[in-house]
Amino acid sequence: MTPLFPSQPVASIYFFTMQLGSYPLYIMGKNDKIIHLTFNRQHHEQLCSRYPHSPTPATTQVDSLAQIVQHAINAETNTTFPADSPFIAAGSKFQQQVWQQISLIPRRLTLTYGQLANRIGNPKAYRAVGQACNRNPLGILIPCHRVVAKNGLGGFAGGGEVKRWLLTGENKNKKFILRTLE
DNA sequence: GTGTGGCAGTTAG
DNA sequence: CTAACTGCCACAC
């Protein structure tokens, strides 16, 4: 499996899962910050096994992070680029440029991989853009589901079904509700 | 609609 | 260092 994640361990971290629509959303927190967010179960399990973490996060911490996601998922635009995650810092220059550009895409707008490659001044790197999207450590907060193929949906680490559901929901101006698991 | 060749960045070996 | 991947694209049928 590809080393998608930084090799250095991160202290004081915890994991929890929430539910968005019918899809599980895996969140990795450190203190009061979200450092990783994905729909991809495999990525989540890799992280769980790689890093020592608290088995039972404090409720206040979980609630606080959940609120951040709940707000971000319905926001018209992303206010700030969440650069404080160590997973962002561990990305290459190219990946950081891609993630930065994605975070500028507002609700109900999509860019193609090619258009995004143009925006970072590397028009032929559309394929590498796809790879960088795949390794986005902060799904939703960095809305990589808004990057699509020129003729079609394109891929999604959490599965095409989730990507399509997110995009149609946004187009209908749906308010997404994040729920806790029982 | 399908096939094919090339693309750039990243990682594995 | 090569080789082998991709969340792609253009262009040809």
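Owing to the predicted nature of the structure, the values given are computational and were not obtained by experimental measurement. In what follows, every chain begins at residue 1, and chains take the letters A, B, ... in the order their sequences are listed.
- Pairing each heavy atom of A:P143 with each of A:L141, the nearest pair is CD-O, 3.6 Å.
- Set against C:dG7, B:dT11, B:dG9, the side chain of A:A128 has B:dG9 as its closest nucleotide.
- Between A:L116 atom CG and C:dG7 atom P there is a gap of 16 Å when expressed in whole angstrom units.
- Rounded to whole Å, the distance from CD on A:Q95 to C1' on C:dT6 is 13 Å.
- Between the CZ atom of A:F156 and the C1' atom of C:dC8 there is a distance of 17 Å, given to the nearest Å.
- For B:dG9, its base never sits under 3.5 Å from the side chain of A:R127 at any donor and acceptor pair.
- Using a 4.0 Å heavy-atom distance criterion, A:V129 is classed as making no nucleic acid contact.
- Looking only at side-chain heavy atoms (C-beta outward), A:I120 and A:V98 come within less than 4.5 Å of each other.
- Residues A:Y113 and A:R127 bring no donor and acceptor atom of their side chains to less than 3.5 Å of each other.
- Counting non-hydrogen atoms under 4.0 angstrom, A:A157 reaches a base of the nucleic acid.
- When both pairing distances are held under 3.5 Å, C:dG7 makes no Watson-Crick or G-U pair with any nucleotide shown.
- For the pair A:Y126 and A:K93, both in contact range of DNA chain B, the more 5′-proximal nearest nucleotide belongs to A:Y126.
- As a whole-Å value, the separation of A:Y113 OH from C:dA10 P is 14 Å.
- Rounded to an integer number of Å, the gap from CD1 of A:I102 to P of C:dG7 is 14 Å.
- Across C:dC5, B:dT11, C:dG7, the shortest atom-to-atom separation from the side chain of A:Q131 is found for C:dC5.
- Between A:I120 atom CD1 and B:dG9 atom C1' the separation is 10 Å, expressed in whole Å.
- Whole-Å rounding puts the A:Q115 CD to C:dG7 P distance at 20 Å.
- Remark: aromatic rings of A:F156 and A:W165 are distant, center separation not under 6.0 Å.
- Phosphate proximity of B:dG6 to A:K124: absent, as no side-chain N or O sits under 4.0 Å from OP1 or OP2.
- The CD1 atom of A:I140 sits 6.5 Å away from atom CG of A:L37, with the distance rounded to the nearest 0.5 Å.
- Looking at heavy-atom distances under 4.0 Å, A:F94 makes contact with sugar-phosphate atoms alone, never a base.
- At the phosphate of B:dG9, OP1 or OP2 sits under 4.0 Å from a side-chain N or O atom of A:N122.
- In this structure, A:N40 places its CG atom 15 Å from C1' of C:dT6, rounding to the nearest Å.
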